[in-house]
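Let me begin by presenting the structure, written as structure tokens, before commenting on it.
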Amino acid sequence: MRKKKQTAIDKRVLRAEYLRIIPEHRAMLLSEEIFESFDPHVGFIHQGVVAHVETIGTPEELGAHDVEKEIAIPRLSCFVVLVTQVALHRVNRLPQQFKRAVWETIDAIIDEEAEIPEILLVVINDCLERAIMEINYSQLKEERIVNRLWSSIKSVYGEKHAPDDIEIFDNFYESEEDSAEEE
């Protein structure tokens, strides 16, 4: 029996998620490295995934609703990484003209701070929806897989820049408290 091929996660995707989960003071320490290695296309798609998850909610199949934050946060983070990776793959598989139009439109939005055209949102949303349907949720419930991917996210800039889980979880607790106070 053939062993299933393990897919490598794009470091640009891991870096985008790292920036989302770490406390701000950690990002300040890496500001130069972050600036040099940040890919705006990946960042745009990643932000789309995060916004989609915040709007639609965490899929029930992920099993992150009724578990402790020590399990839910890494699962959700791994989910965001995988959806971002698959969505990027889907965009890159579009016909050449559409793919070029997507990347050029994203460049124009970033460079000129222009408004996002509705058609781009439709294309990206379609890629995100398809990516979410492709995710194998049972794998995201396996502790070994989540731990390996979670470690990859935290240490994408090197082990010395990897924050402790407690620091990340505390940052999430503070973010939730801040958003609850605003409401």
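Scope of the values below: all heavy atoms of this structure, side chains included, with no hydrogens, waters or symmetry mates.
Residues F79 and V53 have side chains in contact (heavy-atom distance under 4.5 Å, counting atoms from C-beta outward). When side chains are defined from C-beta on, P163 counts as touching Y18, because their heavy atoms get closer than 4.5 Å. Within the 4.5 Å cutoff, the side chain of L88 has no heavy atoms near those of the Q85 side chain. By the 4.5 Å heavy-atom criterion applied to side chains, S77 and I153 are counted as neighbours. Contact of the L140 side chain with the N136 side chain is not registered, since no non-hydrogen atoms from C-beta on lie closer than 4.5 Å. For the pair D107/H41, a side-chain contact is recorded, criterion being any heavy-atom separation below 4.5 Å from C-beta on. Residues T105 and I116 have side chains not in contact (no heavy-atom distance under 4.5 Å, counting atoms from C-beta outward). F169 places a side-chain heavy atom less than 4.5 Å from the side chain of I73.
Listed by chain and residue number, H52, E129 satisfy the side-chain contact (heavy atoms from CB on, under 4.5 Å) test with N125 (two or more places apart in sequence, or in another chain). Considering only residues two or more places apart in sequence or on other chains, H89 meets the ring pair (Phe, Tyr, Trp, His ring centres under 6.0 Å) condition with none of them. In terms of the salt bridge (Lys or Arg N to Asp or Glu O under 4.0 Å) criterion, residue partners of R20 (sequence neighbours excluded) are, by chain and number, E17. With sequence neighbours excluded, the residues forming a salt bridge (Lys or Arg N to Asp or Glu O under 4.0 Å) with E142 are R144, listed by chain and number. With sequence neighbours left out, the salt bridge (Lys or Arg N to Asp or Glu O under 4.0 Å) criterion links D165 to K154. Contacts of R93 classified as salt bridge (Lys or Arg N to Asp or Glu O under 4.0 Å), with partners at least two apart in sequence or in another chain: none. Applying the side-chain contact (heavy atoms from CB on, under 4.5 Å) test to S155 and every residue at least two apart in sequence or in another chain returns E159, A162. Residues satisfying the ring pair (Phe, Tyr, Trp, His ring centres under 6.0 Å) criterion with F44, sequence neighbours excluded, are absent altogether.
In terms of hydrophobic clustering, with Ile, Leu, Val, Met, Phe, Trp and Tyr side chains grouped at heavy-atom distances under 4.5 Å, W103 and L121 are assigned to a common cluster. I145 is not connected to L76 by any chain of hydrophobic side-chain contacts under 4.5 Å among Ile, Leu, Val, Met, Phe, Trp and Tyr, and they are in different clusters. By the rule that hydrophobic residues join a cluster once side-chain heavy atoms approach within less than 4.5 Å of another member, V13 and I110 end up as members of one cluster. In the hydrophobic clustering of ILVMFWY residues, with side-chain heavy atoms under 4.5 Å counting as a link, V123 and I56 come out apart.
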message: Does I119 form a side chain to side chain contact (heavy atoms under 4.5 Å, CB included) with F98? I'd like the steps, not just the answer.
response: CA-CA 11 Å; I119 189 68; F98 288 119; over 6 Å; no

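Between the CG atom of L14 and the CG atom of L149 there is a distance of 6.5 Å, given to the nearest 0.5 Å. Taking CD1 of I109 as the start and CG of L120 as the end, the distance is 5.0 Å to the nearest 0.5 Å. Considering OG of S138 and CG of L62, their distance stands at 11.5 Å, rounded to 0.5 Å. For the atom pair CG (L82) and OH (Y137), the distance works out to 10.0 Å, reported to the nearest 0.5 Å. Between the CZ atom in R15 and the OH atom in Y157 there is a gap of 5.5 Å [rounded to 0.5 Å]. If you take CZ on R100 and CG on L94, they are separated by 12.5 Å, rounding to the nearest 0.5 Å.
The stretch residues 50-60 participates, sequence neighbours left out, in no salt bridge (charged side-chain N to carboxylate O under 4.0 Å, His left out) pair at all. Residue pairs meeting the ring pair (Phe, Tyr, Trp, His ring centres under 6.0 Å) criterion with at least one member in residues 111-132, sequence neighbours excluded, do not occur. Legend: salt bridge (charged side-chain N to carboxylate O under 4.0 Å, His left out) pairs involving residues 37-49, not counting sequence neighbours, sorted by first then second residue: R12-D39. Legend: ring pair (Phe, Tyr, Trp, His ring centres under 6.0 Å) pairs involving residues 107-131, not counting sequence neighbours: none detected.
Closest non-hydrogen pair, L128 versus G48, comes out as CD1-O, 3.7 Å.
Under 4.0 Å is where a charged nitrogen must lie from a carboxylate oxygen, and between E61 and K141 no such pair does.
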